[in-house]
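Quick note on labels: first sequence line is chain A, next is B, and so on, each numbered from 1.
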2 protein chains.
Amino acid sequence: MKSLQIHIDVSPELYLKNPDSSELGRKIVSNSIEMINELGFEAFTFKKLGQKINSPESSVYRYFENKHILLIYLLSWYWSWLDYRLVFATANIDSPIEKLKKALKVLTQATVIDQSVSHINEVLLSKIVVSESAKAYHTKEVDNENEKGFFKAYKQVVQRVSDLVLAMNQHFEFPHMLISTVIEGAHQQRYFAEHLPSLTDVKKETDSVTEFYTQMVFKVLQ
Amino acid sequence: MKSLQIHIDVSPELYLKNPDSSELGRKIVSNSIEMINELGFEAFTFKKLGQKINSPESSVYRYFENKHILLIYLLSWYWSWLDYRLVFATANIDSPIEKLKKALKVLTQATVIDQSVSHINEVLLSKIVVSESAKAYHTKEVDNENEKGFFKAYKQVVQRVSDLVLAMNQHFEFPHMLISTVIEGAHQQRYFAEHLPSLTDVKKETDSVTEFYTQMVFKVLQ
DNA sequence: GCTAATATAATAGTATTACTATCAATTTTG
DNA sequence: CAAAATTGATAGTAATACTATTATATTAGC
């Protein structure tokens with residue numbers, strides 16, 4: 001039995017040469033995920049990455065314009081992957097309530113299982129999403145980059161789940177606000193639980209994050 | 001009639017020399033607020049700041065270890081100021097519901113009025129809080145810096161409002177989670193409204209942010 | 001009003017970062 | 001097998017994030 005091979009595409013605006021098209025490209029992507037986790041985005045450089053993969057930094061520059069755009073590439077990959085998981089998780093479910101519940105689970109649960117779709121370590125990538133996402137769009141170039149479609153994948157996820165919200169309650173005025181609050185909130189709470197615990201009430205070994213946000217959404221939609 | 005002169009203190013761990021103690025220190029703080037707004041935190045440097053205020057960058061370094069700590073100083077100032085406003089806004093109100101409502105208003109409303117407490121432009125500072133906050137704690141040094149008390153002021157605000165939540169509903173399990181979700185969410189939504197509008201439903205000229213989060217909190221606490 | 005202490009200015013210097021450029025060696029493809 | 005494309009090796013540049021040093025002001029105590 002062959003396992004289902006899904007393939008995640010990222011907008012071509014985000015790379016100079018598709019990293020998925022060569023061994024070097026895939027090494028750049030997978031090793032950058034590891035390095036950003038180890039060093040944090042600030043201390044991560046193309047030079048250090050080059051040393052790790054035994055390639056000159058100039059080779060890395062042939063794939064990505066700079067590390068900022070590489071970060072957006074990684075985040076886009078993540079959101080496309082999540083979007084795929086959302087479609088899959090909500091397929092063949094009729095009840096809008098159940099559909100939304102499933103979707104919220106996908107959005108708010110920690111990524112633990114490494115069902116590794118490819119050369120990408122989704123668990124490590126999820127940690128990058130939690131710790132570094134905000135840096136991708138809190139820049140002076142957001143508007144520009146937004147026009148170029150850099151944040152399409154993320155917006156699509158928000159749109160998909162907002163539609164589920166509207167399917168449950170057509171008259172609800174703030175579906176995007178609700179869902180972006182949930183997504184960002186869930187990440188935030190996991191980060192706080194680890195580093196600034198007095199800002200949250202997450203208990204270890206329970207899934208209070210999913211519990212809290214699921215309750216929240218359904219109470220708001222009542 | 002003399003206007004009430006309040007004074008905001010920031011933890012001494014955040015500066016080498018108190019910028020409030022000299023003309024140069026105050027110039028550093030007020031001009032850094034302007035510059036971070038103009039250039040964004042990434043492009044802001046002590047050298048450029050020095051040029052703006054006609055002082056060498058080495059003089060700036062005598063006040064702040066680096067620009068990262070200066071950012072945390074500014075954010076701490078903001079949260080202490082907000083904490084003061086919270087106390088003021090909720091004073092002499094008996095009803096826990098009304099107290100919480102007022103607090104949520106202070107937390108979620110845009111800072112428009114420049115009731116300038118000192119040399120600090122609170123409107124510009126609020127914009128920094130919205131755009132740059134996440135960069136202050138999404139670093140590899142969070143745990144270290146948290147131990148040193150760098151985030152005390154923010155935690156105090158969350159604690160204060162969480163207590164109001166508990167005053168309304170003693171049995172609610174997630175007060176900190178709820179309030180940190182509201183604070184971060186409100187900032188996020190204002191940022192999205194300006195730069196990534198498809199992630200929100202904020203309508204210009206209305207205060208949907210305050211409306212949404214106030215409704216959310218009260219529904220969750222029902 | 002003078003001296004000593006302190007703060008600031010002026011200037012220089014260093015390692016690292018974030019690139020860009022060039023050319024040779026290797027691999028791929030038609 | 002030749003041409004094209006990709007990668008490696010190496011060098012170089014401007015800017016950043018500091019640190020250090022010494023001279024000049026300013027202030028504070030006596």
Rounded interatomic separation in angstrom, taking [atom1] from [X] and [atom2] from [N]:
| X | N | atom1 | atom2 | value |
| --- | --- | --- | --- | --- |
| A:Leu70 | C:dA18 | CG | P | 12 Å |
| A:Glu65 | C:dT20 | CD | C1' | 13 Å |
| A:Tyr61 | D:dT10 | OH | C1' | 16 Å |
| A:Lys67 | C:dC19 | NZ | P | 9 Å |
| A:Glu57 | C:dT16 | CD | P | 13 Å |
| A:Leu16 | D:dA5 | CG | C1' | 16 Å |
| B:Asn66 | C:dT16 | CG | P | 17 Å |
| B:Glu42 | C:dA18 | CD | C1' | 14 Å |

*A:Phe64 and A:Tyr73 aromatic ring geometry - parallel, tilted or perpendicular at 30°/60° bounds*: perpendicular
_Parallel, tilted or perpendicular, judged at 30° and 60°: which one describes the rings of B:His187 and B:Tyr78?_
perpendicular
*Under the 3.5 angstrom rule, does the side chain of B:Lys67 hit a backbone N or O of B:Phe41 as a donor-acceptor pair?*
yes
*Examine distances only and state if a side-chain atom of B:Asp83 and a backbone atom of B:Trp79 form a donor-acceptor pair shorter than 3.5 Å.*
no
Would you tabulate the pairs of protein nitrogen or oxygen atoms and nucleotide nitrogen or oxygen atoms of nucleotides 7-10 of chain C closer than 3.5 angstrom?
from: C:dT8; atom 1: OP1; to: B:Tyr63; atom 2: OH; distance (Å): 3.0
from: C:dT8; atom 1: OP2; to: B:Tyr63; atom 2: OH; distance (Å): 3.1
from: C:dA9; atom 1: OP1; to: B:Ser55; atom 2: OG; distance (Å): 3.3
from: C:dA9; atom 1: OP2; to: B:Ser55; atom 2: OG; distance (Å): 2.8
from: C:dA9; atom 1: OP2; to: B:Ser59; atom 2: OG; distance (Å): 3.4

*What does B:Phe46 touch in the nucleic acid at a heavy-atom separation under 4.0 angstrom: a base, only the sugar-phosphate, or nothing?*
nothing
*Check whether any side-chain N or O of A:Lys47 sits under 4.0 Å from OP1 or OP2 of C:dC19, and answer yes or no.*
no
*Do you know which two heavy atoms are closest between B:Leu71 and B:Glu132, and how far apart they sit?*
CD2-O, 3.9 Å
_Using ring centroids (six-membered ring only for Trp), state whether B:His195 and B:Tyr191 fall under 6.0 Å._
yes
